[in-house]
6 protein chains.
Amino acid sequence: MNDHEMKLIQDKASVLIEALPYIREFNRKIIVVKYGGSAMTDDVIKESIIKDVTLLKVVGFKPVIVHGGGKEISHWIERLGMEPRFVNGLRVTDEATMEIVEMVLNKVNKDLVTMIEALDIKACGISGKDGGLLKVRKKLSNGEDIGYVGEITKVDTTIIEHLLEDSFLPVIAPIGMDEDFNTYNINADDAACAVAKGLKAEKLAFITDIKGIYRDVNDPSSFISRLNIAQARSLVEEGFVGGGMLPKLNNCIDAVVGGVKNVTILDGRLLHCLLLEIFTDQGIGSAITK
Amino acid sequence: MNDHEMKLIQDKASVLIEALPYIREFNRKIIVVKYGGSAMTDDVIKESIIKDVTLLKVVGFKPVIVHGGGKEISHWIERLGMEPRFVNGLRVTDEATMEIVEMVLNKVNKDLVTMIEALDIKACGISGKDGGLLKVRKKLSNGEDIGYVGEITKVDTTIIEHLLEDSFLPVIAPIGMDEDFNTYNINADDAACAVAKGLKAEKLAFITDIKGIYRDVNDPSSFISRLNIAQARSLVEEGFVGGGMLPKLNNCIDAVVGGVKNVTILDGRLLHCLLLEIFTDQGIGSAITK
Amino acid sequence: MNDHEMKLIQDKASVLIEALPYIREFNRKIIVVKYGGSAMTDDVIKESIIKDVTLLKVVGFKPVIVHGGGKEISHWIERLGMEPRFVNGLRVTDEATMEIVEMVLNKVNKDLVTMIEALDIKACGISGKDGGLLKVRKKLSNGEDIGYVGEITKVDTTIIEHLLEDSFLPVIAPIGMDEDFNTYNINADDAACAVAKGLKAEKLAFITDIKGIYRDVNDPSSFISRLNIAQARSLVEEGFVGGGMLPKLNNCIDAVVGGVKNVTILDGRLLHCLLLEIFTDQGIGSAITK
Amino acid sequence: MNDHEMKLIQDKASVLIEALPYIREFNRKIIVVKYGGSAMTDDVIKESIIKDVTLLKVVGFKPVIVHGGGKEISHWIERLGMEPRFVNGLRVTDEATMEIVEMVLNKVNKDLVTMIEALDIKACGISGKDGGLLKVRKKLSNGEDIGYVGEITKVDTTIIEHLLEDSFLPVIAPIGMDEDFNTYNINADDAACAVAKGLKAEKLAFITDIKGIYRDVNDPSSFISRLNIAQARSLVEEGFVGGGMLPKLNNCIDAVVGGVKNVTILDGRLLHCLLLEIFTDQGIGSAITK
Amino acid sequence: MNDHEMKLIQDKASVLIEALPYIREFNRKIIVVKYGGSAMTDDVIKESIIKDVTLLKVVGFKPVIVHGGGKEISHWIERLGMEPRFVNGLRVTDEATMEIVEMVLNKVNKDLVTMIEALDIKACGISGKDGGLLKVRKKLSNGEDIGYVGEITKVDTTIIEHLLEDSFLPVIAPIGMDEDFNTYNINADDAACAVAKGLKAEKLAFITDIKGIYRDVNDPSSFISRLNIAQARSLVEEGFVGGGMLPKLNNCIDAVVGGVKNVTILDGRLLHCLLLEIFTDQGIGSAITK
Amino acid sequence: MNDHEMKLIQDKASVLIEALPYIREFNRKIIVVKYGGSAMTDDVIKESIIKDVTLLKVVGFKPVIVHGGGKEISHWIERLGMEPRFVNGLRVTDEATMEIVEMVLNKVNKDLVTMIEALDIKACGISGKDGGLLKVRKKLSNGEDIGYVGEITKVDTTIIEHLLEDSFLPVIAPIGMDEDFNTYNINADDAACAVAKGLKAEKLAFITDIKGIYRDVNDPSSFISRLNIAQARSLVEEGFVGGGMLPKLNNCIDAVVGGVKNVTILDGRLLHCLLLEIFTDQGIGSAITK
């Protein structure tokens, strides 16, 4: 090793040392990572997210992944000659569709498990059916029955707690059962929120494809880095928050009220967004806290 | 309640009392149940099997289910406009096929979980990918590459042991990964055998659609109720064992050699075949022991 | 096995399956069984009770037996040339009598232990002296001193909890000590009630030789299957409850008030009365609940 | 407190300090104390023994008492108008006698429990029936059937281990069951020896009414304070050991061979003989070691 | 052993038996012993104290030693050519002095550890720095900065609890750190008081060189053996308590208010003062209780 | 954050990700770090070492520090007007010297504890006296008595194991006691080696002020990066290894023979040498393995 090489790896060592206080702070704490949407279709982003999560696991955090499956679901529905149908942005899910949704979500689930195991970390992929994790009732869309779309009524995180205790990294597909044990599709944000509340997680991170929350979506300088519940609520009430972000922000508020210490919206397109958020003082996303 | 009704339920109580010694004997012991083939397509049989397994769980045994998915796989392959192809009885499994196989097996897996949870027993459905349970290498068919068909090279039952300790009923789909983390289909009998050996199970029960082992398959009176490894081996060598039964019998021998106390071939068409086997002195299937 | 035999054992399997929800419901729960009186002198009944209790143990319940010794005590007192003497139904217990009472109760205790061990279940017979389980003071009968008859003042169920945790079936003789460590005879119903309260038992079952509670003891149709505390109390106040039943009913009320979920009066003459009570929806005795 | 009183209690403190190395040495170790014979009939001796044992318990040892019941048994047999009968020093024990023997031993057992509880130490009195502690077969006396006199065939000390772990002082009556669950009387020395071996006790102390082992029983100066197995065996072979002592010495040898570190014959007539043995360097009894 | 010798050791056994109720009472309880001042310079006293503490350890108590170092500190300061300086009885502690104070206290600490280990008891000597046990801020003396003299602001007894759980005898030097991790000297009485409160100790014993508290320090008959907080407070208010005793009495009051059951001032010059206090009914020191 | 800043912190995140496999490999493993000599006198180096060790702790390793105190000892001996004296490189240690050595080593010990606690990691500083960690006998120097210089005869790592289990970072001063509980100075390399063997450590790292082992100390290109025991031994035998390095290399060989997987000589002058060694494939020091 010549002097230049030595200098380079010493710089790397310094980076590790800088991470020390952040690692110490989150040690043994639960971080729920909701991962879905377009961030799932880019292989580079996917690998970046999974590597971040496994690093968190290895240095002593307790990450839990809740994933969606959006585009893959539509892809398979089409391959099977059916037509995806949406009402108010919610997928109309008849029995035949639900069957496919479940198959695809479980496929996505095991793909993530595979990626994590390939990094030599023990993962366990389950759905909200396993151990009775997620119980739901039918969710209507403006009063309209859109099929097997579920609204979470009860969360029993015992199975996740056992997996964490036994050192596995839990990967969760957003599927649940109603009282009659019918299968339902659940919005992945809702599932992540419910799981984080059930676990009294330290942090819930939504990996998205936007930068975060803006007071004025057209003005980059209006980016909001940190806001408390009261501020988040008035933002909602004042109508500043636009379409796709509204339910997510409501989910954030709901999670914080439900006992999650910190809920953050992260931009998945930034490589290693999770590490950047956790290993820097100011973080990089929009965080909602009490 | 009149006298007749009272008599009837007293008879039922006597049946429970009769079960006492058998329950005591198997208490806290592991029973791996391989469930697949045509027994999976009949709803009455399916319900009977699942109820038997949950009863075993509730009275203190530690059952583990390993399932197949046979007919559903072909069904979905056809629905997707592909053609199932077999070489020497083994499914030729290219990448596109493997994708479907995995989706269907996970669907079957969660269906079983649903049925068990509906009986108020906590189940957890996993595949051989989770926790690195099943590691494989490519299996050739008479030297021919038939795709992602795996031969088990390593079993790590840690995840199952944790689930049992945490009181879950594990349900396992026969899928594994090779050294490069590619996904492989595994014969369900092979998977059950490997899992039973890894767990040093008390019993491995193959639920089939035949009555058991016959010295002469055309002579019902030649039914063999109990045989030791030596007898099983000479049966194989003498060529008495026909087509479909041969690999299964070899699996039985392999399991007993590998530390499983008792391997039994059961006729799934007999309702409650598992209970009949376990709660009667002579059992009802063909049992191989050391 | 011919078809008829097969049908018979399949029916038996169905009975086991029917028991599943009841077993699940009581799993790991404590059931205190008070067993005494004439039910102890009939060998068939005795065996039926003991088998029921061991079955409950084997399928995962936590039964505890508290027994009396009535007729055997008088028998030995007479054999020793003394005369049993009662005041208001309570045995006058001088020191010489107490010595015999204790010997006989311990004999009965070990007889029950023997029966349970013969069924291959680990039992441990103790009295209220062991581990300071039952502390008493002298009980007067209408102000009259009738000797070493104790009224329970303190219960320390630590020893029973340890035995249950260590998987033993505790069998308890109703004897206690006062502050000066004199030995006292305790009414077995009182002892059972105190133990059940101390353990916050799920159920306390009194095995008796009557069918249960009647509004009009001469009218079989006035049998009361289920009543809450308020109803039980008004029954007592209205004077509907006759002689022997009155203290027992008061004990029932006391137990429910003290935290026992369900107290049931069962007819020991019905074979397997405990199983019938627990493994049927409506039960067969008179149950008092909150 | 005047100076003289102060001096007195300081002397007492010094005594405690002297005990320190002995307490430390036996800390958490199991000492089985066999207590029976005439030492049981003298109240002063009895109290001295029980106080010694409880002190050992309190300072951290794990004492276990195995008791006999000799004279009380004969007393009650006579009170019931039967005649004690002995063949070769063994009580002829028909069924009627066995019934009384068991009652009396359990009475003695609970008397000891009472004394210990009065010293505020938690005791638990059991017999060899409880938890299947002692299994026996019929013992013949020179080929003659003398009834329910048992020879120990199997010891399962699980119940004692649990009681010790749960901080109870176990008190054990020498009664066992044969394969058919008949009740048998066991020689208390045999029972103590079997229990000590089963527990791999540090010490087995026989409280007797003789001073110990003498080379010449008529010569006090021939007292043997310490001997190893070889020496003990040659003593037996040379015929130096007389009547009552012979089986006891054989028991000692058997215990040491079976894993007990030190077996000591103590003179119960010396007040606090157990403390004197344990808290002095040379001890006061005759000790057999490997 | 002749009769006289036997009589002597039996008397000793009686002394042990007398100790039984006291040992039982304090079993598993925490006793913090503050040991310092002139009692440390007399080797006979030192050995007496250490033997007492180890005896308490061996019979099941959980003693913790907090020590001072007074005279040794001055000795070394002088050896190094510096001059000890005091303001209002508090040592002026500049950086150079603090360095020496810490070295000497750690030396005293390890000397005590050595003495305890020589008695075959496992000890662990730590200071208030280890495990962040004692956090301080600068203590002013009547507004004057006297250097690194600390006032305790936070106690984290986790490290002591772990040592006790792991069966070590903790020996603690009164040194702490402030928020900026500077080293401070702490008054040993203050440290003992803080540790006892943090551990919710059963007893805090100050070993001193006075007999205890007197209403009139010149009148031996005015010795106060037991007083409650209210009495202690009025003693302080009424000005009866003189110089050196005042802060100690305030410490006693503070400890009792903070949850310590009993705080006692003992005269270290009485050999075995700790045992005399604990193993006699009236004790020998002045005890403050709630 | 502008794009450049973002790029910079993303690069840092990549560094963390690169560390993942190394962290995973050493997870929960024990690393003994011997730290002493001139590396202790440079504040920058000291801070770099301590930060490295705490990082290892935080990411899940189990580091243990064994330190020396060389120059500080001589400094204080001189300050006290005594003259350091060496025979064959070993300090002549009379009683007066030993007193100072112990004080200084404990001072150094607590200084390291302070630095670690300031990084918010719980440390516990002990010496080889605590818990009887290091037992020694007098070490002669070529037959000459050089005072209280100890050769380790027995290691009892119980106290370290408890501290690790309780999540403390143990810091150990190389002092021990002989059979008569006299205090001895121990060579820090010897102490580290003994501790590493006692703990069956994964790695023992000697922080030195040389680069490592050279075949020819004057030829930088003869640096040896990895050698097995056989190679190390022949290096010793062939006389290639010079003065100061010889005992160290013998220590390395001894440690590997004693069960330590990897012993490495590191150059403390390279900042973050520990991290560079552990988080790079080839390491930076000279490693001896089996």
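Residue numbering restarts at 1 for every chain, and letters A, B, ... go by the order of the sequence lines. Just so you know, these numbers come straight off a predicted model, no measurement behind them.
Both the backbone and the side chain of Thr54(F) come within contact range of chain A, judged by heavy atoms closer than 4.5 Å. Proximity to chain F is absent for every atom of Ser48(A), based on heavy atoms less than 4.5 angstrom apart.
With salt bridges taken as basic N to acidic carboxylate O contacts below 4.0 Å, none links Lys7(A) and Asp3(A). Electrostatic pairing of Asp189(A) and Lys34(A) counts as a salt bridge here, judged by a charged N lying under 4.0 Å from a carboxylate O.
Chain F forms more heavy-atom pairs under 4.5 Å with one residue of Gln10(A), Arg24(A), His272(A) than with any other, namely Arg24(A). Annotation: maximal heavy-atom pairing with chain A below 4.5 Å, among Asn27(F), Ile23(F), Asp120(F), occurs at Asp120(F). With chain F as partner, the option from Leu55(A), Leu275(A), Asp11(A) having the largest number of non-hydrogen pairs under 4.5 angstrom is Leu55(A). With respect to chain A, the highest number of heavy-atom pairs below 4.5 Å among Ile121(F), Asp52(F), Val59(F), Leu274(F) belongs to Val59(F).
Expressed to the nearest 0.5 Å, how far CD1 of Ile207(F) lies from OH of Tyr35(F) amounts to 8.5 Å.
Annotation: cation-pi pair Lys203(F)/Phe26(F) absent, no NZ/CZ under 6.0 Å from the ring centroid and within 45° of its normal.
Ring-plane geometry between Phe279(F) and Phe61(F) is classed as tilted, the angle between the planes lying from 30 to 60 degrees on a 0 to 90 degree scale.
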